[in-house]
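Please read the structure below before turning to the comments.
Values below: every heavy atom of this structure, side chains too, minus hydrogens, waters and symmetry copies. Because the structure is a prediction, the values reported are computed rather than measured.
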Amino acid sequence: QRHVLFTGKRIMVRLWLGAVFGMLGAVMYASKVIMEVMPNVHLIGIFVVAMTVVYRKKALYPLYIFVVLTGLLNGFGIWWIPYLYIWTILWAVTMLLPKNMSSKKAVIVYMVVCSAHGFLYGVLYAPFQALAFGLSFKGTIAWITAGLPFDAIHGVSNFFLGTLILPLSKLFRRLSQ
């Protein structure tokens, strides 16, 4: 029949991946909540890079499940709007990385990419702040400067937590088989 899109094993694979993506989005949110005792130290960037390495475009599903969960459980405040793009930037940069790097090279590259995203978080967030609150260029620079200590913590912690990306990637590959 022409109206049947999937049959048998394909349906099961899609259902399995849907369940895995839903759980990954929930685990991302839970990890963020658990780690809130340490400001700007979290595993979100690590999850985004590891999921992108394994699932490529499909990594956007758990990423946006995390974003929506964050809004639902923390409130869809004005602070939430940059979440719609800020994690997607990390996803996009990871998509541009070569797929076949050696493990030794990949560890360093992933750590650096995660770290850069952390250091640049305030800069990436700033355009929305400027538009939402009518900040001048000078005001935007002042806002970015005020956040530099937090971005430094974010960048340094992302660098060291980035060592978890390859083990997480291996786990995600096993979950997908």
Side-chain angles (χ1 to χ4, degrees), residues 9-10 12-70 82-127 144-145 147-177:
K9 190 172 182 179
R10 283 189 70 180
M12 293 308 292
V13 168
R14 288 190 181 259
L15 287 173
W16 174 251
L17 271 180
V20 168
F21 290 160
M23 287 186 290
L24 285 174
V27 167
M28 288 172 69
Y29 179 78
S31 74
K32 177 182 141 335
V33 170
I34 290 167
M35 296 184 80
E36 282 178 349
V37 296
M38 298 175 284
N40 289 26
V41 178
H42 55 76
L43 298 170
I44 306 308
I46 285 68
F47 276 109
V48 170
V49 173
M51 290 183 316
T52 304
V53 166
V54 175
Y55 300 118
R56 310 301 293 160
K57 289 183 214 169
K58 292 178 183 175
L60 290 172
Y61 294 124
L63 170 59
Y64 278 100
I65 288 169
F66 160 74
V67 169
V68 170
L69 276 175
T70 301
Y83 268 49
L84 294 170
Y85 70 86
I86 211 158
W87 301 109
T88 311
I89 293 169
L90 179 57
W91 170 84
V93 169
T94 306
M95 286 290 288
L96 294 173
L97 297 175
K99 291 180 191 177
N100 299 323
M101 289 186 278
S102 69
S103 292
K104 287 181 181 181
K105 185 176 180 180
V107 168
I108 300 301
V109 170
Y110 298 154
M111 289 169 69
V112 168
V113 166
C114 257
S115 182
H117 186 263
F119 279 114
L120 294 172
Y121 193 85
V123 173
L124 297 171
Y125 204 100
I144 291 169
T145 304
L148 286 177
F150 299 101
D151 292 337
I153 293 167
H154 198 178
V156 170
S157 66
N158 275 7
F159 181 78
F160 290 107
L161 290 170
T163 59
L164 300 173
I165 293 170
L166 280 185
L168 261 180
S169 299
K170 289 176 185 174
L171 173 64
F172 295 159
R173 281 192 180 92
R174 274 189 269 156
L175 287 173
S176 299
Q177 293 176 353

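In this structure the side chain of R56 reaches within 4.5 angstrom of the side chain of K99, judged on heavy atoms. F47 is not listed as a side-chain neighbour of F66, based on a closest heavy-atom distance of 4.5 Å or more. Residues L166 and S103 have side chains in contact (heavy-atom distance under 4.5 Å, counting atoms from C-beta outward).
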Going through the distances and angles, do F119 and F159 end up as a side-chain contact (heavy atoms from CB on, under 4.5 Å)? CA-CA 10 Å; F119 279 114; F159 181 78; over 6 Å; no
Verify side-chain contact (heavy atoms from CB on, under 4.5 Å) between Y110 and V53, making sure each step is shown before the conclusion. CA-CA 10 Å; Y110 298 154; V53 166; 3.4 Å; yes
Can L24 and F172 be said to form a side-chain contact (heavy atoms from CB on, under 4.5 Å), step by step? CA-CA 10 Å; L24 285 174; F172 295 159; 3.3 Å; yes
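With rounding to the nearest 0.5 angstrom, the CD1 atom of I44 is 4.5 Å from the CE atom of M28. Atoms CZ and OG, on R174 and S169 in that order, are 11.5 Å from each other to the nearest 0.5 Å. For the atom pair CG (L43) and CG (L161), the distance works out to 5.5 Å, reported to the nearest 0.5 Å. Here the straight-line distance linking atom OH of Y85 with atom OH of Y125 works out to 7.5 Å at 0.5 Å rounding. Within the model, atoms CZ of F160 and CD1 of I46 stand 12.0 Å from one another, a figure rounded to the nearest 0.5 Å. The CH2 atom of W91 lies 9.0 Å from the CG atom of L63; values are rounded to the nearest 0.5 Å.
K58 NZ: 12 or fewer foreign heavy atoms inside a 6.0 Å radius.
Side-chain atoms of T94 never come within 3.5 Å of backbone atoms of T52 as a donor-acceptor pair (strictly under, hydrogens ignored). In this structure a side-chain-to-backbone donor-acceptor pair under 3.5 Å is missing from N40 to I153. Here the side chain of N158 pairs a donor or acceptor atom with the backbone of C114 at under 3.5 angstrom.
Contact between L168 and A50 at its shortest, heavy atoms only, is CB-CB, 3.8 Å.
Ring centroid separation for the pair Y61 and Y55 does not come in under the 6.0 Å cut-off. Centroid-to-centroid, the aromatic rings of W87 and Y121 come within less than 6.0 Å.
A side-chain contact (heavy atoms from CB on, under 4.5 Å) with V49 is found for exactly one of V54, L90, L97, namely L90. A side-chain contact (heavy atoms from CB on, under 4.5 Å) with V107 holds for exactly one of K105, M111, K104; it is M111.
Side-chain atoms of H154 and H42 include a donor-acceptor pair closer than 3.5 Å. In this model, a donor atom of one side chain and an acceptor atom of the other lie less than 3.5 Å apart for Y64 and T88.
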